[in-house]
Structures are given as C-alpha cells and as structure tokens.
Amino acid sequence: MEIQCIYGAEAFARYLPRLRAARVIAVDLETTGLDPHVDKVRLVQLAAEGLPVLVVDCETFLPGGAPLLCEALSTGAVKVFQNAKFDLQFLMALSIHPKPLFDTMLAGRLLYLPGMPRRANLQTLVETYLGETLDKTWQTSDFRTELTEEQIAYAARDAQVLLGLWQAMVPRLREAGLAQVAEIEFSCARAVAQMEYHGICLDLDAWQDLLVRTERARDDALEGLYAYTGRPMAQTTLWGQDQSLGLNLDSNVVALALLNRNGIPVTATAKGDLYPYRHHPLVQAFGEYRRATKALSSFLYPIPAMVHPVTGRLHPQYGQISAFTGRMSCGNPNIQQIPRDRAFRACFTAPPGRRLVIADYSQIELRVAAQVSRDSRMLAAYSAGEDLHRLTASLLLHKAPDAVNKQDRQAAKAVNFGLIFGMGAAGLAQYAAQSYGAPMTQEEAERFRSRFFQAYEGIAAWHGRLKAHPPREGRTLTGRRFAYGTSPSLPELSNSPVQGTAADILKKALGLLADRLAQSSAWIVGTVHDEILLECPEAEAEETAALLSRTMAEAADVVLPDVPGEVEAVVCGTWADK
DNA sequence: TCAGTTCGCGCG
DNA sequence: AAAGCGCGCGAACTGA
C-alpha cells in the first residue's frame, strides 16, 4: 500500500484530476473527538484505484482546502464510508455533502445472517468479507496531539480496506437481493446525519413548568395513596427534614403486596393486570403515581441535561438499522417515545423566524398489509379512498358505512390492527378495551374475529400460507431480509414484513428528502416511524410542506404499487400542533 | 460493588 | 398450545 501525506491545499490540488476521474473513492476521517459541533477533523484519508492512499493533514489543509475536498467528492463516484453518518456530520460542518455513497456498516447489517458475527465494525467486516485481520488497537490513540508515522499508516489502511470491502460487498448484496434496500439505506444515511447534526429545539422554560406540574401531580397521587399506606413519617436527616413513606412504591414486590393487601388479587402490577380494577381508588392513585414518576424519571429530569452546550439543541442519536424489522431506533434522548400529551410535544419547537413542517403517513401499516397480503377487498377500499376502519366496522356489525358511529370505528381500529397480526380473541378483547377504550367481551371478540376473516379472505389466505409453510427468513417488499428463530409465531411472521416495509417507505422518503433539501435552509430534524419533522424559514414553510408531502407520497408509491400512500402535512410552531 | 436481567411503560 | 409486533430507558432486582 502506497501512502501519500498531503500538507496544504496545493499538494492536494495535484491529485484533484485523478480523484475526479475515479469511479470509487473510499473516505475516512480521523477527528479530535466524536462531536461534530466541538471537535475538528484531523486527517482525511482518500483511497481510489491507481492512486496512493492520500492522507490529508487538516491542520495545514483546512479551512482553505475545503472547497478542493468538496470538488474531489462532488463527482458521480461512489463514496465508500464505514458508518457514513459520523463522517458526514463532520463534512457537513465544512459544507461538503458527498453522494452517492456506500456504507460498509449498513451493508454489513443488511447482509447479516445468524451464525455471522453480529457486530458491523470495520475490524469484524474485514475479517468476515476479506478474511484479513485489522489491528484496531491504535484507534484509541489521541488525534489531538502530534501525529506519528504509525497513526498515519493505520489511518491510510482504514481507507484502503474500504475499497476492498466495497468490492466484496456489492456482489454479495446483489446476490442476496438486497441491492434496492441497500440503496435506500445509503441515501437515508445522509438524512440521518442531517437529523443528528441539526437536532431539535427544546423549550426549556415550558419543560421546567411541566416538570413542576408533574411533581405536583405525583404528590397529589401520593396523598391518595396515604389512605392505604399510612402517613409518611417526618425524618430528620443530614440534609434537613425529609418525608419517608417507609415503603418503596417503585418496587413491584412492594406495590404488589400493597394491592393484594387491599383486596386487589393481581399477580403483577402492570397497567393491563390492573385494568379490571381501574375504578378502585387505590388503583387510580397508583396509576397516577406511576404516570407521573415515569414522566419525571424517563423524560422530565434527564432530558434538559442533554441539551447541547454549543448548539443549545437536543441531538438525538438514531440507530439506522437497529430494530429486527429494519426500523430505526433512537436514544439520548429517545425522541420516538415522547408522550403524545400536548404538554410534552409543545416543548419541541422551531426557533424564532423558523417553522416546523411535520407530516405523517395515514395508516401506513394497514396499507402495507393490503399490499403484502394482496387482499382484494382492502386493496379496493384503499384504491377508492375509503376509510378502512369504517369499512371493517360496517362489515363486522352489518351496518351501512354511513351508520357506523365513533365507537364502532374505534373498536374496528383495534380489530384491524390486532387481527391482521394474528392476535387471538382473548388478546383482542383486552387490547380493544385498554388501548382503544372499546369494551368487548370475549364472545364478541371471537365473533369479530371470524367475521373479519370472512370479510378479508386475502388476509386469511396469507395467514394460512404462513402457517402452512413457515418461512425461515422474511423479506420486506424492497428485499430487506430477516432470519427467524426456530418456530416463529404467526404474529412474528405477519408483523415483521409489514413493519419492515413501512420502515423501508419512510427511509426511502428520508433519502429523497436528503436530495431535495440539499444546500437548502430546510432541514430534517426528526423522524418517528411514520412521521418526518422538518424545520425551515417561515417564508418557505408552505412550499416545504408541499415538497414534504409530495416526497413522502412518492416514496410510498415506489414501494406499494397497488395502494396509494396518504400523507398529512402541517406547518406549525411546535410539535403539539401536528 | 457492579454488570446483567426483568418489569413496566412511553411511542409507532 | 397459544400468540399482535418493534424499540429505549429507568428502577429494582439478581448473582457473583
């Protein structure tokens, strides 16, 4: 492996023509840390066929050389990265937006099968796909100090090895039928980099108000609980007066004993177990206590500390291929589990002069289920622009669609979601009552179940096929693959391709948006499974909303040839207004 | 003392 | 035989 160290823009410029002629360029960055808003790029390594690996010393190259680097990365060449989302954020800070790209880590995740190493770090990928070893011990080395020969050599090797990985992985992806989903994921990585880089605004004052109100709600709930636990004792501690209940309500063992002692014969303390006793004042107070303490410990207390000291915004981290089905996960904080309660969502805002543009898919999983199962009645209903929940209600209750009232529709919603994924009658009755406020006896649930499958024969046939020949691996409509364990259940078999295909659609939309919003002042600031949040200047809000809904609908149409995708978009000041 | 597991619950 | 699925996170609990 030949290495060429580059000091200064002139030295780099000499290689520009050859870089511009390359078909594939592997790119790797060494940075002084992990935070693109704080840390600096120390080295840029570029590897291309017929060139020495260029190791660019950024202290002598940046910022003046950034336009040259941008030029080198602006051809149609494939840019190969390991975990592109990381490098892309540092490049964004230099106004460099490379595309198209290939991400070896995402490719590794897509190709994963049981029996392979699960990790998709560079070292593991090199062992798996190239049969070579890669010494990564040097990676802990410090790039804030003077560079050593050894650091340069290893940095060059990291870029070089990406070329080999690309070469090995492209045919593997093709052979496995993963080319289409790989393209989706690679485009999406640019959107994920944007989301993490820009983050989202949190109104800390409103948050603090909510925190105080929730603490009061917790204390009110405690007041109600004292009737059963006894008054707390005033204790004098080192820090002054303290109230102690003498029993820990956060312990399930303790809570269970308290409930049992008061005539509530449950065996677990979860909301579902307590549902039959929901009118009991102890259960009500306990539920309120749980709700408040959950909100405080999961959201209200920890999240303010996550506001970035430099940007003043939250920067949630996304796991692009983290869920089994291909959905994204999110953490630090997990923006995807913020309560729907307006009080919480209203704290997520657009900064002054800007607006949020938010859109979500309407009933995306049901539309996907219609496409995957090819149920003719569902396909027809969606093609005609009908309301599927209403249709199901009318079929279950033998009513005309117009005669379906709100409660009917609510119950049908639970039936649709539950039965498509193989729920049993008992589960359905419980689920309808708890999640949809639609009380249903077991007998009713059983009757609904049989009528449902009479009405939607395509769904019944699809389940029948899955039960008769349980597949060992599943696929989404774009080819995403997942291997099932031994004897997967019907719910697993039916849910995974549907949830996964819905994820494909959202990711496709994000990828298209990354293109269409490139260099604009509209940014992607978040996503929640079937929803995309953008932020843009006030004056551009309407056209951005139109672009967003157009793009999301287009993504759905690419993946679902026989079902229209329906998108609802709004322009608003806070997330609560969606 | 500490890492790993389980329960419970927020979201889609 | 019986069955919605997928996450992340906090607190309690377990085991060494």
Side-chain angles (χ1 to χ4, degrees), chain A residues 214 247-256 266-275 286-287 289-303 306 316-341 344-345 348 360-366 368-369 413-432 434-436 445 449 452 459 463 466-467 470 474 476 482 484 487-503 505-506 526-532 575 578:
Chain A
T214 308
L247 86 182
N248 182 3
L249 289 168
D250 297 332
S251 159
N252 295 328
V253 178
V254 171
L256 189 63
V266 286
T267 55
T269 64
K271 213 155 67 176
D273 295 87
L274 290 171
Y275 183 78
F286 182 65
Y289 174 81
R290 274 256 170 101
R291 200 189 54 75
T293 51
K294 163 86 175 171
L296 289 165
S297 69
S298 290
F299 308 113
L300 294 164
Y301 290 143
I303 288 181
M306 299 181 199
Q317 307 289 300
Y318 291 85
Q320 193 177 319
I321 309 184
S322 140
F324 175 75
T325 56
R327 265 195 182 178
M328 289 197 250
S329 70
C330 180
N332 301 298
N334 184 348
I335 201 95
Q336 307 192 131
Q337 61 177 162
I338 299 297
R340 288 218 66 138
D341 186 333
F344 282 86
R345 302 254 168 142
F348 293 82
D360 65 0
Y361 286 111
S362 152
Q363 300 172 15
I364 189 65
E365 286 202 358
L366 292 186
V368 171
K413 215 164 154 178
V415 171
N416 278 331
F417 282 117
L419 295 187
I420 284 174
F421 300 128
M423 204 178 234
L428 175 59
Q430 216 184 8
Y431 171 68
Q434 276 174 50
S435 309
Y436 290 86
R449 202 163 173 274
F452 179 88
I459 297 285
H463 284 183
L466 289 173
K467 280 192 279 197
T476 66
F482 18 75
Y484 297 117
S487 66
S489 64
L490 178 61
E492 277 179 272
L493 291 172
S494 52
N495 180 274
S496 48
V498 172
Q499 188 184 112
T501 300
I505 293 170
L506 188 91
T527 183
V528 190
H529 304 311
D530 66 350
E531 180 177 9
I532 296 175
W575 196 10
K578 166 62 199 163

Checklist entry - In B/S/- notation, 5' to 3', how is nucleotides 2-9 of chain C contacted by protein heavy atoms closer than 4.0 Å? => result -BBBBSBS

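Residues A:Ser496 and A:Tyr484 bring a donor and an acceptor atom of their side chains to less than 3.5 Å of each other.
Between the side chain of A:Thr293 and the main chain of A:Arg290, a donor-acceptor pair closer than 3.5 Å is present. No side-chain donor-acceptor contact under 3.5 Å links A:Arg449 to the backbone of A:Leu419. With A:Glu531 contributing its side chain and A:Val528 its backbone, the two residues share no donor-acceptor pair below 3.5 Å.
Spacing between atom CG of A:Leu249 and atom C1' of B:dG8 amounts to 15 Å, rounded to whole angstrom units. Summarising the geometry, the separation between CG on A:Leu274 and P on B:dG8 is reported as 9 Å, rounded to the nearest angstrom. One atom, CG of A:Leu506, and another, C1' of B:dC11, lie 14 Å apart when rounded to the nearest Å. If you measure from atom CG of A:Leu296 to atom P of B:dG10, you get 13 Å, rounded to the nearest angstrom. Atom CZ in A:Arg291 sits about 17 Å away from atom P in C:dA11, given to the nearest Å. Taking atom CD1 of A:Ile505 as the reference point, atom C1' of B:dG12 lies 14 Å away to the nearest angstrom. In this structure, the CZ atom of A:Phe348 is 16 Å from the P atom of B:dG10, given to the nearest Å. Rounded to a whole Å, the CG atom of A:Asp341 is 12 Å from the C1' atom of B:dG10.
Scanning both residues, A:Gln499 and A:Thr325, for their nearest heavy atoms gives OE1-OG1, 2.7 Å. Of all heavy-atom pairs between A:Pro316 and A:Pro333, the closest is CB-O, 3.4 Å.
For A:Asn252, no side-chain nitrogen or oxygen approaches OP1 or OP2 of C:dA11 to under 4.0 Å. At the phosphate of B:dG12, OP1 or OP2 sits under 4.0 Å from a side-chain N or O atom of A:Arg340. Side-chain N/O atoms of A:Ser251 include one lying less than 4.0 angstrom from OP1 or OP2 on C:dC13. Taking 4.0 angstrom as the limit, A:Thr269 places a side-chain polar atom (N or O) nearer than this to OP1 or OP2 of B:dG8.
Base pairing annotation: C:dA16 forms a Watson-Crick or G-U wobble pair with B:dT1, both donor-acceptor distances under 3.5 Å.
Of the candidate nucleotides C:dA12, B:dG12, B:dG8, B:dG12 has the atom nearest to the side chain of A:Asp530.
Going from atom CD1 of A:Ile335 over to atom CZ of A:Phe348 covers 4.0 Å, rounded to the nearest 0.5 Å.
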